[in-house]
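Treat the numbers as computed from the prediction; the structure is a model and nothing was measured. Just follow the structure's listing: the first ligand is 1, and inside any ligand the first atom is 1.
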Amino acid sequence: MNDKQVTFDDLVSLSKRRGIAFPSSDIYGGIQSTWDYGYLGTEMKRNIRELWWKNVVQKRDNVFGIEAAIITNPSVWEASGHVSNFTDPLVDCLECNGRFRADHIVDDVCPECRVKTKFTDERNFNLLFKTYVGPVEDDANIAYLRPETAQGMFVNFTNYQNTIRRKIPFGIAQIGKSFRNEITPGQFIFRTREFEQMEMEFFCAPEESKKFHEYWKKERMDWYINELQIPESKLRLRDHEKDELAHYSDATADIEFNFPWGWGELEGIAHRGDFDLSAHATGSGKKITALNIENNEHFIPHVIEPAVGVDRILFAILCASYNEEQLEDGESRILLRLPESIAPIQIAVLPLSKKDELTPIARNIVEDLRENFRVEYDETQSIGKRYRRQDEIGTPYCVTCDFDSLDDQAVTVRFRDSMEQERIKISELKNYFNLKMNTNDKKVILLHPYIIMV
Ligand code: GAP
C-alpha cells in the first residue's frame, strides 16, 4: 500500500465534504477566511480542548482554570502594550491594490498579481478589533475584543493569589475565543480573524524562570507526541531570533509543525518576564507582587506562557492523519488515522442490511455503547461505501451486524488502519472497547472482574 503526500486542497475538500468545517455564512457568499465547524469538527475541537485541559490543569495541583471576559476595560490593552504595539507591517501593491503583510512577501513579488517590487512604503496596522460599549459611538466608549486570552490571567493575578491558597509557582489557564484583525488571514483554519486559544500563564520566582521555561517546552512537546500522537518527525522546537520576539517577550520557543506548505508555528512558549504584571501595576496603580517568605520581601513574579490555537491544532492533526492508500484490489481509500481520543466518532455500528431483524440488534448496541463512547449508527448505502466513509472521517472501529449475528449473538469489529476483522460476542462489546480504548468504566469492570486479568 502506497501513501500519498497530503495537499492543502485534499484537506479543505475533505473538511467540506464530510462536515468538519464550512465557509462561514456560506449562503451569503461567506466572509473572508471565516469558518463554521460542522458536526465532526465541533466534536474534534471539543476533544482537543478536553485533552489540553486534562494535561495542563486537571492532572496538576498548581494550575487553576479561569474564564475571563472577552470585552474588558480598554486600559487593560493600553497597559499591556497592545494599543500601541500590536501591529503588523502593511503594504499595498501598486499594480493590483492588494494589501499584504510585508513580512509575508517572498522575493519582492506580489502574491496576488505576481508583479515585482511595486509596493507602497510599509506602515503599521493595529490588529485590535474595536467596538463601542453602550449606545453612543464615541471615543470615550471604545472597547476592544481581546486579541489573546492571556491578559485575563494577568489582571486577575492578585485575585488568584488571594483565593487559591497557594504560593507561587502556580499557573492560571484559560480556553476561549480571541480576535485579531489579521491583514492576510488564510490557509484554511490556520490563520483566521476569530480563533480559539488555550493559554496558561505560569507565575514563578525570577531565578526559577529559565528552569520552568525549559520544563514547559518539554512538557508541551511531549503532549503532542504522546497524547495527540503526532509523529515526532513532523514537529520541531525553534527559538525565536531577537528581532522576531513579541513586544512582551524575553525569549520564545515555537513548537512548529510541518504543514503542507512547510514548517509553521503551532504553539508558542514565551518567557514574558515581569512585563505584564509590571505594566498592569503601573497602569492600574495597584501593587501586584508575591511575597518571598524566606526574606520577607515582595517581588514581581516572572511568567512562562505556553499558548496555542485549538483550530491550529485541529489543522495539524488533519494534516498528520490524512492518508490516501492504494489497496491491493486496485481500489484506493482515503483515511484519517486519528487517535481514538480525537476521533469524532469512535465506533460506527452498521447493520449489513436494512432488514428488520438486524436493525434492532444494531440499535441496541448503539444504546449500550453510547454512554462510554462517541457512537454513530448508519444503515444507508452498501457496507463497502459505509466503511469508506468511516475511514474518511477517522472512525477507528466499525461494528457490523450480519445475519449470523441472529444465531451466534456476535458481531464483526473492523479496524480502520489494518482493515482486519474480529468476531466478538455482543455481550462482550462494551468491555472489549473499554479495554481497547483504555476508558475507566469502573462499573463494567467490577461486573466482569475476569476481564481485568486478561
Ligand atoms: N498570548 C500569547 C499569544 O497570543 P501568539 O503566538 O500570538 O501568542 C498563540 O498566539 C497561538 O495562538 C499561536 O501559536 C497559534 O496557535 C494561535 N494563533 C495566533 N493567531 C492566530 C490566528 N490568527 N488564527 C489561528 N490561530 C492563531
Side-chain angles (χ1 to χ4, degrees), residues 21 24 32-35 37 41 45 48-49 52 56 66 68 70 76-77 80-82 85-88 101 103-104 125-129 144-155 171-203 213 216-217 220-221 223-224 228 230 235-240 244-257 259 263-273 275-277 279 303-319:
S24 182
Q32 209 191 19
S33 297
T34 308
W35 299 85
Y37 288 92
K45 283 187 72 181
I48 293 168
R49 281 187 218 112
W52 185 89
V56 174
I66 188 171
I70 288 175
V76 170
W77 306 106
S80 70
H82 284 83
N85 290 324
F86 196 54
T87 57
D88 275 339
R101 251 176 80 166
D103 55 338
H104 282 182
F125 173 76
N126 193 291
L127 304 185
L128 290 174
F129 264 109
Y144 303 100
L145 304 188
R146 66 180 177 201
E148 60 172 10
T149 64
Q151 297 301 324
M153 286 76 120
F154 299 128
V155 297
I172 310 179
Q174 171 157 224
I175 301 180
K177 290 260 180 150
S178 293
F179 304 83
R180 296 180 191 178
N181 202 359
E182 299 276 1
I183 300 170
T184 42
Q187 288 153 312
F188 190 32
I189 52 176
F190 178 83
R191 181 176 287 104
T192 48
R193 294 193 169 112
E194 171 182 340
F195 56 97
E196 197 172 6
Q197 288 189 307
M198 306 192 286
E199 300 196 287
M200 197 270 291
E201 310 304 317
F202 194 78
F203 300 92
H213 198 197
W216 282 106
K217 283 196 245 177
R220 298 302 303 140
M221 194 63 152
W223 184 71
Y224 287 106
L228 299 193
I230 296 181
L235 296 166
R236 72 178 186 193
L237 254 177
R238 189 183 65 81
D239 287 320
H240 278 208
E244 283 181 84
L245 293 174
H247 64 272
Y248 50 72
S249 172
D250 286 350
T252 294
D254 282 347
I255 296 181
E256 294 189 331
F257 178 83
F259 289 99
W263 292 98
E265 175 182 344
L266 184 56
E267 165 158 351
I269 303 156
H271 189 314
R272 292 180 78 129
F275 179 91
D276 303 273
L277 293 186
V303 172
I304 305 302
E305 175 200 64
V308 64
V310 183
D311 319 78
R312 206 170 276 189
I313 293 185
L314 172 57
F315 189 40
I317 289 176
L318 290 175
C319 295

Query raised in the report: Does T149 offer a backbone N or O that forms a donor-acceptor pair with the side chain of Q174 under 3.5 Å?
Result: yes

Report summary line: min-distance protein heavy atom vs atom 26 (N) of ligand 1 -> F195 CD1, 3.6 Å

Query raised in the report: Taking the six-membered ring for Trp, is the centroid-to-centroid distance between F188 and F190 below 6.0 Å?
Result: no

Query raised in the report: Any idea which atoms of ligand 1 are less than 4.0 Å away from a heavy-atom of G268?
Result: 14 (O)

Requested in this report: Provide the number and element of each atom of ligand 1 under 4.0 Å from a heavy atom of E182.
Outcome: 22 (C), 23 (N)

Report task. Taking all non-hydrogen atoms of both residues into account, name the closest pair between I66 and G152 and its distance. Result -> CD1-O, 3.6 Å

Query raised in the report: What residue and heavy atom of the protein are closest to atom 24 (N) of ligand 1, and at what distance?
Result: T192 N, 3.0 Å

Report task. Please report which non-hydrogen protein atom sits nearest to atom 25 (C) of ligand 1, along with the residue it belongs to and the distance in Å to one decimal place. Result -> F190 O, 3.2 Å

Query raised in the report: By number and element, which atoms of ligand 1 are closer than 4.0 Å to a non-hydrogen atom of E199?
Result: 1 (N), 2 (C), 3 (C), 4 (O)

Requested in this report: Check each atom of ligand 1 against the heavy atoms of E305 and keep those under 4.0 Å away; list them by number with element.
Outcome: 1 (N), 2 (C)

Report task. List the steps and the verdict of side-chain hydrogen bond (donor to acceptor under 3.5 Å, both in side chains) for Y248 and N85. Result -> CA-CA 10 Å; Y248 50 72; N85 290 324; over 6 Å; no

Query raised in the report: Taking the side chain from R193 and the backbone from E182, do they hold a donor-acceptor pair closer than 3.5 Å?
Result: yes

Report task. Number the atoms of ligand 1 from 1 as they appear, then name those within less than 4.0 Å of a heavy atom of E267, with their elements. Result -> 14 (O)

Query raised in the report: Where does R272 meet ligand 1, judged by heavy-atom distances below 4.0 Å: at the side chain, the backbone, both, or neither?
Result: side chain

Query raised in the report: For ligand 1, which atoms sit closer than 4.0 Å to a heavy atom of L266?
Result: 14 (O), 15 (C), 16 (O)

Requested in this report: Could you walk me through whether E148 and R272 pass the salt bridge (Lys or Arg N to Asp or Glu O under 4.0 Å) test, one step at a time?
Outcome: CA-CA 14 Å; E148 60 172 10; R272 292 180 78 129; 3.2 Å; yes

Report task. Look at the side chain of R146 and the backbone N and O of K177, then say whether any donor-acceptor pair between them is shorter than 3.5 Å. Result -> yes

Requested in this report: Using modelled atom types only, decide if a donor and an acceptor are shared between the side chain of H247 and the backbone of S80 within a distance under 3.5 Å.
Outcome: yes

Query raised in the report: What residue and atom, counting heavy atoms only, is the protein's closest point to atom 17 (C) of ligand 1, and at what distance?
Result: G309 N, 3.6 Å

Report summary line: heavy-atom search around atom 14 (O) of ligand 1 in the protein gives E265 OE2, 2.5 Å

**Report entry** Proximal ligand 1 atoms for E148, defined as those under 4.0 Å from one of its heavy atoms
**Finding:** 1 (N), 2 (C), 3 (C), 4 (O)

Query raised in the report: Would the F259 and F315 ring centres measure less than 6.0 Å apart?
Result: yes

Report summary line: closest protein heavy atom to atom 9 (C) of ligand 1 is Q197 NE2, 3.5 Å

Report summary line: The closest protein heavy-atom partner of atom 4 (O) of ligand 1 is R180 NH2, 2.9 Å

Query raised in the report: Could you go step by step and tell me if E267 and Y224 meet the side-chain contact (heavy atoms from CB on, under 4.5 Å) rule?
Result: CA-CA 10 Å; E267 165 158 351; Y224 287 106; 2.6 Å; yes

Query raised in the report: Looking only at protein heavy atoms, which one is nearest to atom 8 (O) of ligand 1, and how far off is it?
Result: Y248 OH, 3.5 Å

